[in-house]
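The next block holds one structure in the form of structure tokens; read it before the comments.
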Amino acid sequence: MAHDEPRATGPTKLVIRNIALVLSGALERPILDADTIVAVNGKITGVGRARDLDTEGATTIVDANGTTVAPGLIDSHVHPVAGDWTPRQNQIGWIDSFLHGGVTTMISAGEVHMPGRPRDVVGLKAMAIFAQRAFWTLRPGGVKVHAGAPVIECEMVEDDFREMAAAGVKLLGEVGLGGVKDGPTARKMVGWARKYGIQSTIHTGGPSIPGSGLIDKDVVLEADTDVVGHINGGHTALPDDQIRCICEGCKRGLELVHNGNERAALFTLRTARDMDELGRIILGTDAPAGSGVQPLGILRMVSMLSSLGDIPAEIAFCFATGNTARMRALDCGLIEVGRAADFVLMDKAQHSAGKNLLDSVRLGDLPGVGMTIIDGIVRTQRSRNTPPATKVPEIVAVR
Ligand SMILES: [Zn+2]
């Protein structure tokens, strides 16, 4: 289990060459005309043709060997607890397993599975600050886990949000998983959170496990969180007419999760496409959960939405990269100069009926992951979890 992330000990320069296809993560231009990417000290400094870029003095050279490079995938909805252990299904190494599924960044929707989770205000604030610190200090496998997402309770006052923000808390856990389940209280507290720069999300749909509750369209629209968390249910979805009301009644992020209702996810996707608002679609797993831990969950969502939702694969990848990065103001998720050098290198799986990576995803197959890179450092080579990629990249030189 990779608990100690590799760290650069000096200046680094990464050159990835011989790339067949670069997926940008940006909906407006999902495919770039490029065969080479250069990154210095963990940030992208060049994307284009090898002859036009400064590739001298590389500390690491990766031969992509004709594979596809995409931004590292972002899971917009996870429930971490402590390091790389989850008590929900009593597994260790789950974050490292997601890295093998191409996920390089995760966003906590609340550390709700913490055994003995405190629900008093002092306790929940302390836990949020602890989780933010702990996950920023320890990155399992190098994965960036944005955690410290408190679940709001009715006794909270504005000063609690100011205090948490000053201590580094940037996220709220799913509204509705705590005592606040009514629209007016949720709206007031979400407003306080926003005032102090804390992003918010909400549990949409029926209860996920015994003890959680129903959040319907009226509460979702009144709460006005930045992200409509699992609009396709977690797992129980709202009726289609309520999902349509939410899509049309706000401009917030529409999050589709693996551990939700797949039919409702496709309904949301079609609704957003009809509205010409695919930029609002972001993806999560909602793992760990009652339905388990899915290292390939984000890839499975990309493939499911592309194949059954009739969406070009290069667009579906944007839902798990650039859309999320923009909505959540992350420095990764897009292949452009200045962004974090977080990448996943993929090819079509061996024996896929698709003629190339994009075609295979469009046919519903999963890609084979050949390498992951975070902050310009190679973290994994051939994935232990995906079907084997037809072609795999290799490290040809390290200095
Ligand atoms: Zn939920």
Side-chain angles (χ1 to χ4, degrees), residues 74-81 86-89 94 98 106-114 117 119 124 127-128 131 145-153 171-183 185-186 189-190 193 198-239 242-243 246-247 250 252-265 267-268 281-294 297-298 300-301 324 327-328:
I74 304 168
D75 188 331
S76 172
H77 192 132
V78 295
H79 290 295
V81 166
T86 171
R88 190 71 183 87
Q89 300 299 344
W94 71 276
F98 272 57
M106 295 179 163
I107 311 288
S108 175
E111 296 78 35
V112 291
H113 302 148
M114 172 65 82
R117 170 164 71 95
R119 291 167 190 259
L124 75 86
M127 198 180 88
V145 184
H146 297 259
V151 174
I152 56 175
E153 298 289 346
L171 299 162
L172 285 192
E174 289 174 66
V175 172
L177 295 188
V180 177
K181 298 186 192 297
D182 69 290
T185 310
M189 292 190 183
V190 164
I198 298 175
Q199 279 207 345
S200 51
T201 185
I202 192 164
H203 171 96
T204 308
S208 47
I209 52 172
S212 79
L214 166 72
I215 301 288
D216 67 9
K217 74 159 185 359
D218 295 328
V219 179
V220 170
L221 288 172
E222 182 158 18
D224 192 33
T225 50
D226 298 301
V227 170
V228 180
H230 57 59
I231 189 170
N232 63 319
H235 183 276
T236 311
L238 295 173
Q242 291 206 26
I243 291 176
I246 292 170
C247 292
C250 72
R252 302 296 184 187
L254 304 172
E255 184 188 75
L256 307 178
V257 299
H258 184 273
N259 290 342
N261 177 321
E262 288 88 348
R263 193 199 58 76
F267 177 81
T268 307
I281 299 284
I282 62 175
L283 306 184
T285 53
D286 196 1
S291 48
V293 176
Q294 301 86 15
I298 295 297
R300 284 170 55 81
M301 287 298 288
T324 323
M327 199 172 298
R328 294 189 174 279

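Just the heavy atoms: all of them, side chains too, but no hydrogens, waters or symmetry mates, feed the values below. In listed order, ligands and their atoms are each counted from 1.
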Beyond-backbone contact of Glu262 with Met301, side-chain heavy atoms, under 4.5 angstrom: no
Residue and atom names of protein N/O/S atoms that fall under 2.8 Å from the Zn ion (ligand 1): Glu174 OE1, His203 ND1, His230 NE2
Distance-only side-chain donor-acceptor flag, Asp286 / His258, under 3.5 Å: no
Qualifying salt bridge (charged side-chain N to carboxylate O under 4.0 Å, His left out) pairs with a residue from residues 199-224, counting only residues at least two apart or across chains: Arg194-Asp224, Asp224-Arg252
Straight-line distance of Leu254 CG to Cys247 SG, nearest 0.5 Å: 4.5 Å
Donor-acceptor pair, side chain of His79 and main chain of Pro288, under 3.5 angstrom: no
Side chains of Gln294 and Thr285, donor plus acceptor under 3.5 Å: no
